[in-house]
Amino acid sequence: MHILKQKLMAVTEYIPPPRVIPPGAYPYQRKRVQEDSPLTLIMKRHLKTVFEDSKMIAVVQNNASNADNMMVLKHRLHKHGIAVKFFPNQVVQSFLEGGLHANMAPLFIGPTVLFVSSEPKVKEMLSALRASQQMTLLGACIDDTLLSAQAVVSYSKLPSVSVVQGELVSGLTMLTSHTASMLQRHPAHLSALLQQYVKQRSSDGGSEGAPKAEEAA
Amino acid sequence: MAASGKATVVLKAVKKITVQFCPFESNVRSTREFLVMVGSEKARSTNINCEVIPLVKHDKSAPVVDITYLDGDKLVLKGANLTSSEMLNAFQSLCTDKDLQAKAAAAKK
């Protein structure tokens with residue numbers, strides 16, 4: 001094409017009008033962060049203390065247990081020092097977002113209850129939950145370790161720490177004790193044989209056997 | 001949560017409902033809501049013999065609701081890509097069908 005025609009074509013190129021996107025079509029690009037209301041702040045502070053104090057935090061879903069069931073359950077758990085806490089899911093999820101327990105966030109959907117206690121008393125909690133039909137254990141965080149429902153059950157079946165330590169120590173020293181016994185097997189065998197010999201000789205002939213046994217030893 | 005049509009769930013023709021899900025997955029919301037609606041007091045009061053059994057697993061499996069009816073039929077709802085209202089609709093339509101069948105059979109006798 002001739003350069004003039006090219007220039008003309010470039011200048012008169014069609015520029016379409018900017019397309020107007022209807023306001024609701026795409027999701028909002030900037031995140032809407034609302035300031036927390038004072039009640040939310042109080043609840044978050046409470047949550048923080050709860051998470052710091054308690055060693056065991058269990059998340060349970062209750063589908064509509066009525067007030068007397070709740071009271072009975074609360075009473076049972078209170079005997080073992082387990083507190084039952086209710087928090088709104090939104091608050092909990094916004095609290096957990098950046099923190100240590102962020103992986104617990106997907107548990108908090110629907111009607112959930114928190115069981116918190118400073119000592120991991122899993123067996124009693126499980127027996128209390130089994131009694132009430134409506135409560136389903138979803139997961140627990142014991143000693144900063146996230147556990148699933150089956151993991152909680154197997155945790156309850158673990159023996160105590162001292163028993164486990166004893167087993168560990170015995171397993172480790174098994175090899176060394178085996179080596180030591182093998183090393184001592186020959187002299188032990190020899191001394192046993194000599195003792196037997198002494199007994200036989202002393203039972204056969206009294207004083208004759210004794211000097212000979214002394215010589216041999 | 002949109003309850004579909006009638007507010008209560010009628011469980012008259014149901015023998016057992018097993019709700020199985022893995023709470024750490026992201027697609028379990030509808031299944032959990034379904035469990036809440038089916039396990040509520042009103043629903044349970046329609047049929048006391050019906051058992052609602054929630055199973056909590058941890059094997060990354062999809063959430064499944066297994067419903068066994070009194071006449072032996074089974075309904076399997078795979079909740080991974082369904083909303084709770086859709087599951088409830090399907091469940092209730094089948095329940096009402098069964099109810100009508102049972103009533104017709106009783107009326108004939």
Side-chain angles (χ1 to χ4, degrees), chain A residues 57-73 86 88-90 92-93 96-97 100-115 122 125-126 129-142 145-156, chain B residues 1-3 7-11 14 16-67 79-80 82-85 87-88 91:
Chain A
I57 305 162
V59 183
V60 172
Q61 172 168 341
N62 61 331
N63 351 338
S65 45
N66 46 1
D68 359 319
N69 279 354
M70 274 311 277
M71 232 175 51
V72 167
L73 187 69
F86 297 88
N89 284 341
Q90 262 190 351
V92 180
Q93 280 185 340
L96 288 176
E97 241 173 299
L100 283 169
H101 308 268
N103 290 326
M104 280 177 86
L107 290 177
F108 290 93
I109 293 181
T112 38
V113 192
L114 273 177
F115 290 178
V122 186
M125 189 182 77
L126 281 176
L129 280 176
R130 243 180 278 154
S132 64
Q133 305 156 316
Q134 331 275 45
M135 315 283 265
T136 333
L137 178 68
L138 296 169
C141 175
I142 302 183
T145 341
L146 196 53
L147 298 169
S148 72
Q150 290 144 346
V152 172
V153 171
S154 45
Y155 180 90
S156 66
Chain B
M1 306 309 135
T8 57
V9 180
V10 182
L11 296 172
V14 181
K16 184 161 110 161
I17 303 181
T18 311
V19 183
Q20 166 195 321
F21 61 92
C22 167
F24 291 95
E25 292 289 313
S26 46
N27 50 3
V28 296
R29 179 180 268 265
S30 53
T31 317
R32 281 173 76 165
E33 286 167 7
F34 183 78
L35 174 66
V36 168
M37 281 191 268
V38 160
S40 64
E41 281 302 308
K42 281 189 197 171
R44 275 170 190 250
S45 61
T46 58
N47 183 354
I48 304 176
N49 295 329
C50 169
E51 306 166 343
V52 179
I53 303 171
L55 278 175
V56 177
K57 293 201 176 172
H58 195 42
D59 49 2
K60 298 199 184 184
S61 60
V64 165
V65 181
D66 211 339
I67 302 167
L82 294 169
T83 67
S84 56
S85 44
M87 292 165 87
L88 210 62
F91 174 58

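Computation of the quantities below employed the complete heavy-atom set of this structure, encompassing side-chain atoms and omitting hydrogens, waters and symmetry-equivalent molecules. Note on naming: letters A, B, ... go to the chains in the order of the sequence lines (proteins, then strands), and numbering restarts at 1 for each one.
Only the side chain of A:Leu146 comes within contact range of chain B, judged by heavy atoms closer than 4.5 Å. Neither the backbone nor the side chain of A:Asn62 comes within contact range of chain B; no heavy atoms are under 4.5 Å apart.
Using a 4.5 Å cut-off on side-chain heavy atoms (C-beta onward), B:Arg32 and A:Thr136 make no contact. For the pair A:Gln61 and B:Leu35, the minimum side-chain heavy-atom distance is below 4.5 Å.
Heavy atoms only, all atoms of each residue included: B:Pro23 and A:Leu138 are closest at CG-O, 3.5 Å. Across B:Val56 and A:Ala149, no two heavy atoms sit closer than the pair CG1-CB, 3.8 Å. Nearest heavy atom pair, residue B:Lys57 against residue A:Gln150, reads CA-NE2, 4.1 Å.
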